[in-house]
Peer 1: 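Take this structure first; my questions come after.
Bear in mind the structure is a predicted one, so any value in this text is a computation, not a measurement. Residue numbers begin at 1 in each chain, while the letters A, B, ... track the order of the sequences.
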Protein chains: 2
Amino acid sequence: MSKPRAKLTDNFPGCPVESTLSFLDGKWKGVILYHLLEDGTLRFNELRRRIPSVTQRMLTKQLRELEEAGLVERTVFPVVPPRVDYKLTPLGLSLEPVIAALRLWGKEHVICENGRKYMVMPEAKTPSKAA
Amino acid sequence: MSKPRAKLTDNFPGCPVESTLSFLDGKWKGVILYHLLEDGTLRFNELRRRIPSVTQRMLTKQLRELEEAGLVERTVFPVVPPRVDYKLTPLGLSLEPVIAALRLWGKEHVICENGRKYMVMPEAKTPSKAA
DNA sequence: CCGGATCCTATTTGATACTG
DNA sequence: CAGTATCAAATAGGATCCGG
């Protein structure tokens, strides 16, 4: 702990971009947020089923980080067997446009099948030239 | 090589989100893209000056990854001293709405000063949790 | 059902020195 | 100026077992 690597970037113009990305960091936060946006409230194992290749440990971990960031709310029901619900906080919900933008770009420019990635160049399909 | 960690997620609904994020992954890609969007073309050290805490090694690495992803174009001028320009490809430019969304959210919900992060809740205007 | 605790490996990043 | 090369540290992620 002698020298904590700069957790975030410098306070420079690009900072807001990095700040936002820092909340989406980790292998599963994007999908988690996506599913919570879609379904509203999900239990732990419901989330797990929607993200088959995530391990219990990592799902827990990423959910805790999202919770700590104030994006996700965790509700524990004192019942047996245990029941824990996850849903987005207002702050989490406010990420909707961000997730939407990420999703849109992915749908337009990446073909994702069977775990493989293929790029789709912009001119090949839509000549939406904004340059 | 026995079991390569799934590089990407499953081909599930959240996939486009994850795909896009995978291109922005790494500590500096966000800022790099931001600055290239802002300034159009930048030389290596110009980029470095805009991102003071990035190391030479990392800047090179991330730029190479962006190049390989087809988002950034690298131009080497055969002169002495060397000159290398970086600019976005059309595909890279198409990320503009994504970066804009990330940036907007960051500006609205995160205060980033002196390397510290403070959240700004959507309803409460004052960050009562800042400790 | 929802985790926490351990252990272990892979990947990422940083520090530093060197080069055409 | 724009990198490479090496080494070491830190982190992330996965596998597995345990527990209320």
Peer 1: Under the side-chain contact (heavy atoms from CB on, under 4.5 Å) criterion, do Lys87(A) and Leu42(A) qualify, and how do the steps go?
Peer 2: CA-CA 7 Å; Lys87(A) 66 169 194 174; Leu42(A) 288 172; over 6 Å; no
Peer 1: Return the value, rounded to whole Å, for the distance between atom CG of Leu47(A) and atom P of dC1(C).
Peer 2: 14 Å
Peer 1: With the side chain of Pro81(B) defined as its heavy atoms from C-beta on, choose the nearest nucleotide among dG3(D), dG4(C), dC1(D).
Peer 2: dC1(D)
Peer 1: State whether Arg64(B) places a side-chain N or O below 4.0 Å from either non-bridging phosphate oxygen (OP1 or OP2) of dG3(D).
Peer 2: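 So the side chain of Arg64(B) is within the cut-off, an N or O lying under 4.0 Å from OP1 or OP2 of dG3(D).
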Peer 1: Would you mind reading off the distance between Glu18(A) atom CD and dT13(C) atom C1', rounded to a whole angstrom?
Peer 2: 14 Å
Peer 1: Under 3.5 Å, is there an N or O donor on one side and an acceptor on the other linking the side chain of Arg57(A) and the base of dG13(D)?
Peer 2: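 Under the 3.5 Å cut-off, the side chain and the base do form a donor-acceptor pair.
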Peer 1: Kindly point out which of dG3(C), dC1(D), dG3(D) is positioned nearest to the side chain of Arg74(B)?
Peer 2: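 Within the option list, the nearest is dG3(D).
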Peer 1: Can you classify the ring geometry of Tyr86(B) versus Phe44(B) as parallel (below 30°), tilted (30 to 60°) or perpendicular (above 60°)?
Peer 2: tilted
Peer 1: Using atom CD of Gln62(B) as one end and atom C1' of dG3(D) as the other, report the distance to the nearest whole Å.
Peer 2: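 Result: 16 Å.
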Peer 1: Between P on dA12(D) and CG on Asp25(A), what's the gap in Å once rounded to a whole number?
Peer 2: 7 Å
Peer 1: Grab the NZ-P distance between Lys27(A) and dT9(C) for me, whole Å please.
Peer 2: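 Interatomic distance, NZ of Lys27(A) to P of dT9(C): 18 Å.
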Peer 1: Are Lys61(A) and dG4(C) close enough that a side-chain N or O sits under 4.0 Å from OP1 or OP2?
Peer 2: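 Checking dG4(C) against Lys61(A), no side-chain N or O comes under 4.0 Å of OP1 or OP2.
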Peer 1: Starting from C1' on dT11(D), measure out to CE on Met58(B) and report it in whole angstrom.
Peer 2: 13 Å
Peer 1: Taking the side chain of Phe44(B) as heavy atoms from C-beta outward, which of dG3(D), dC1(D), dG3(C) is closest to it?
Peer 2: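 Between dG3(D), dC1(D), dG3(C), the one nearest the side chain of Phe44(B) would be dG3(D).
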Peer 1: Let's see if you can work this out: which of dG4(C), dC1(D), dC1(C) has an atom nearest to the side-chain heavy atoms of Asn45(A)?
Peer 2: dC1(C)
Peer 1: Taking the nucleotide of DNA chain C with the closest heavy atom to each, which residue, Thr55(B) or Gln56(A), is nearer the 5' end?
Peer 2: Gln56(A)
Peer 1: Can we say Glu65(B) and Lys61(B) salt-bridge, meaning some charged N sits less than 4.0 Å from an Asp/Glu carboxylate O?
Peer 2: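 Yes, this pair counts.
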Peer 1: Starting at atom CG of Leu63(B), determine the distance to atom P of dT4(D), rounded to an integer number of angstrom.
Peer 2: 11 Å
Peer 1: State which residue, out of Leu24(A), Leu102(A), Asp25(A), fulfils the side chain to side chain contact (heavy atoms under 4.5 Å, CB included) condition with Leu24(B).
Peer 2: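 Checked Leu24(A), Leu102(A), Asp25(A) against Leu24(B); only one passes side chain to side chain contact (heavy atoms under 4.5 Å, CB included): Leu102(A).
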Peer 1: Measure from the side-chain N and O atoms of Arg50(A) to the backbone N and O of Glu46(A), and report whether any donor-acceptor pair falls under 3.5 Å.
Peer 2: yes
Peer 1: According to a strict under-4.0 Å criterion, is Arg43(A) in side-chain N/O contact with OP1 or OP2 of dC2(C)?
Peer 2: yes
Peer 1: Just the rounded figure in Å: distance from C1' of dC2(C) to CD of Glu46(A).
Peer 2: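 That distance rounds to 13 Å.
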Peer 1: So what does Glu65(B) hit on the nucleic acid, given a heavy-atom distance under 4.0 Å: a base, only sugar-phosphate, or nothing?
Peer 2: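 Here Glu65(B) touches no strand at all.
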Peer 1: Between Tyr86(B) and dC1(D), is there a contact of a side-chain N or O with OP1 or OP2 at under 4.0 Å?
Peer 2: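 Checking dC1(D) against Tyr86(B), no side-chain N or O comes under 4.0 Å of OP1 or OP2.
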